[in-house]
Amino acid sequence: MTNEQLFPVDLPAVEDSFFEKHPKRFLNKKLISRFIYFVPLFIGAVVFTVLVDDMPYKWIAFPVLIVLLGLSLFFAYKEYFVRGYVLRELDITYRHGWIFHYETTVPFNRIQHTEIKDGPIDRLFNLCELEIYTAGGSSSDLNLSGLDPDDAHRLKEFISKKTAAHA
């Protein structure tokens with residue numbers, strides 16, 4: 001038996017891997033979803049300004065909402081270009097987040113099962129979500145949202161073959 005020492009500088013960096021990007025439809029879905037989220041807020045601001053007569057700063061809600069909408073759309077846009085996943089021989093890694101960076105790696109020998117989900121908005125944009133579950137939890141450990149359905153099914157099949165090989 002050998003147990004040689006490994007040095008961090010000698011390890012392969014996941015950043016050197018090619019991360020698969022999401023389809024452009026995912027960006028459109030995110031931007032439209034963010035915009036739709038603000039519609040009730042704008043309606044509430046309109047109702048507020050109509051019902052309240054004696055408040056001197058009642059019109060401040062509109063510029064604030066417009067700035068917040070702009071920031072929300074900007075963050076969704078910037079975050080799209082960070083998102084991606086990479087399949088390696090023994091694991092899958094997913095990264096996302098523009099300001100706060102998240103990178104999750106799940107080894108294939110820890111995966112219990114996978115699920116593909118798609119809601120009505122995802123179907124409208126021809127997208128779906130691959131959820132990867134590991135043993136010991138009731139919620140998914142890795143969610144790859146915004147995938148093309150064909151890619152999601154191929155990934156699911158590939159991961160199933162990999163997990164069966166480790167069983």
Side-chain angles (χ1 to χ4, degrees), residues 1-41 68-69 71-167:
M1 178 176 142
T2 64
N3 193 10
E4 296 182 30
Q5 182 178 2
L6 298 175
F7 298 99
V9 295
D10 297 331
L11 297 175
V14 79
E15 290 81 18
D16 296 338
S17 302
F18 175 74
F19 280 79
E20 292 288 331
K21 298 293 181 189
H22 292 286
K24 199 73 161 180
R25 299 183 311 270
F26 181 62
L27 174 60
N28 296 337
K29 176 199 165 203
K30 294 294 270 185
L31 293 175
I32 291 171
S33 298
R34 297 276 174 106
F35 184 79
I36 290 172
Y37 177 79
F38 276 86
V39 168
L41 297 174
L68 290 176
L69 172 63
L71 286 173
S72 179
L73 294 174
F74 176 74
F75 289 150
Y77 178 80
K78 293 297 279 185
E79 200 262 344
Y80 168 77
F81 296 102
V82 177
R83 282 183 180 264
Y85 67 92
V86 63
L87 284 172
R88 297 189 302 173
E89 187 178 354
L90 301 174
D91 58 31
I92 182 169
T93 300
Y94 185 61
R95 70 176 175 196
H96 62 96
W98 177 57
I99 294 178
F100 299 100
H101 300 274
Y102 300 95
E103 191 168 276
T104 305
T105 300
V106 177
F108 293 129
N109 64 352
R110 302 292 299 153
I111 295 175
Q112 185 175 8
H113 72 282
T114 58
E115 292 179 5
I116 294 178
K117 293 185 176 182
D118 60 345
I121 296 175
D122 286 331
R123 285 192 297 273
L124 181 67
F125 286 94
N126 193 28
L127 298 169
C128 65
E129 179 177 5
L130 178 66
E131 293 185 344
I132 299 173
Y133 295 82
T134 60
S138 61
S139 64
S140 62
D141 295 296
L142 184 61
N143 293 334
L144 293 137
S145 59
L147 296 175
D148 186 85
D150 293 335
D151 292 341
H153 287 285
R154 280 195 295 273
L155 277 171
K156 183 179 182 347
E157 185 176 328
F158 176 81
I159 291 171
S160 295
K161 287 179 183 176
K162 283 293 207 177
T163 56
H166 289 289

Which heavy atom in Lys162 sits nearest to a heavy atom in Glu89, and how many Å separate them? NZ-O, 3.0 Å
Can you tell me if Glu157 has over 12 outside heavy atoms packed within less than 6.0 Å of its CD? no
Anything under 30° is parallel, anything over 60° is perpendicular, the rest tilted; go ahead and classify Phe81 against Tyr77. perpendicular
Option among Ile92, Asp151, Leu144 that satisfies the side-chain contact (heavy atoms from CB on, under 4.5 Å) test with Leu130: Leu144
If you draw a 6.0 Å radius around CZ in Phe158, do more than 12 non-hydrogen atoms from other residues or ligands fall strictly inside? yes
For the CG atom of Leu27 and the CD atom of Glu79, what is their distance to the nearest 0.5 Å? 10.0 Å
Any donor-acceptor N/O pair, Arg123 side chain to Asp118 backbone, under 3.5 Å: yes
At what distance, to the nearest 0.5 angstrom, does CZ of Arg25 lie from CD1 of Ile32? 13.0 Å
Could you check whether atom CG of Leu68 has more than 12 heavy atoms from other residues, nucleotides or ligands sitting under 6.0 Å from it? yes
Find the distance between OG1 (Thr105) and CZ (Arg110) and round it off to the nearest 0.5 Å. 14.0 Å
Residues Ala76 and Leu31: closest non-hydrogen pair is CB-CD2, 4.1 Å
Could you go step by step and tell me if Phe35 and Leu69 meet the side-chain contact (heavy atoms from CB on, under 4.5 Å) rule? CA-CA 7 Å; Phe35 184 79; Leu69 172 63; 3.9 Å; yes
Taking atom OG1 of Thr93 and atom CD of Glu103, what is their separation to the nearest 0.5 Å? 6.0 Å
Carboxylate-amine/guanidinium contact Asp122 Lys117, below 4.0 Å: no
Nearest heavy-atom approach of Pro23 to Gly146 is CD-O, 3.2 Å
From the list Asp91, Val106, Leu142, Asp141, side-chain contact (heavy atoms from CB on, under 4.5 Å) with Ile111 holds only for Val106
At their closest point, which heavy atom of Thr163 faces which heavy atom of Phe108, and how far apart are they? CG2-O, 3.3 Å
Do any N or O atoms from the side chain of Ser160 and from the backbone of Lys156 form a donor-acceptor pair under 3.5 angstrom? yes
Could you report the tightest heavy-atom contact between Lys21 and Val82, atom names first, then the distance? NZ-O, 4.1 Å
One should read off an interatomic distance between Asp150 CG and Leu155 CG, to the nearest 0.5 angstrom, of 11.0 Å
Taking the side chain as every heavy atom from C-beta outward, state whether Pro107 and Leu90 have any pair of such atoms under 4.5 Å apart. no
Against the six-membered ring of Phe19, is Arg95 placed for a cation-pi contact (under 6.0 Å from the centre, within 45° of the normal)? yes
Can you tell me how the ring of Phe75 sits relative to the ring of Trp98, calling it parallel under 30°, perpendicular over 60° and tilted otherwise? tilted
Spell out, as yes or no, whether a donor-acceptor pair under 3.5 Å connects the side chain of His22 to the backbone of Ser145. yes
Side chains of Leu127 and Lys29: closer than 4.5 Å at any heavy-atom pair? yes
Apply side-chain contact (heavy atoms from CB on, under 4.5 Å) to residues Tyr133 and Glu131 and explain how you reach the verdict. CA-CA 7 Å; Tyr133 295 82; Glu131 293 185 344; 2.8 Å; yes
Within this structure, what is the CG-CZ distance for the pair Leu147 and Phe26, rounded to the nearest 0.5 Å? 8.5 Å
In terms of heavy-atom contacts, Gly84 and Tyr94 come closest through O-CD1, 3.1 Å
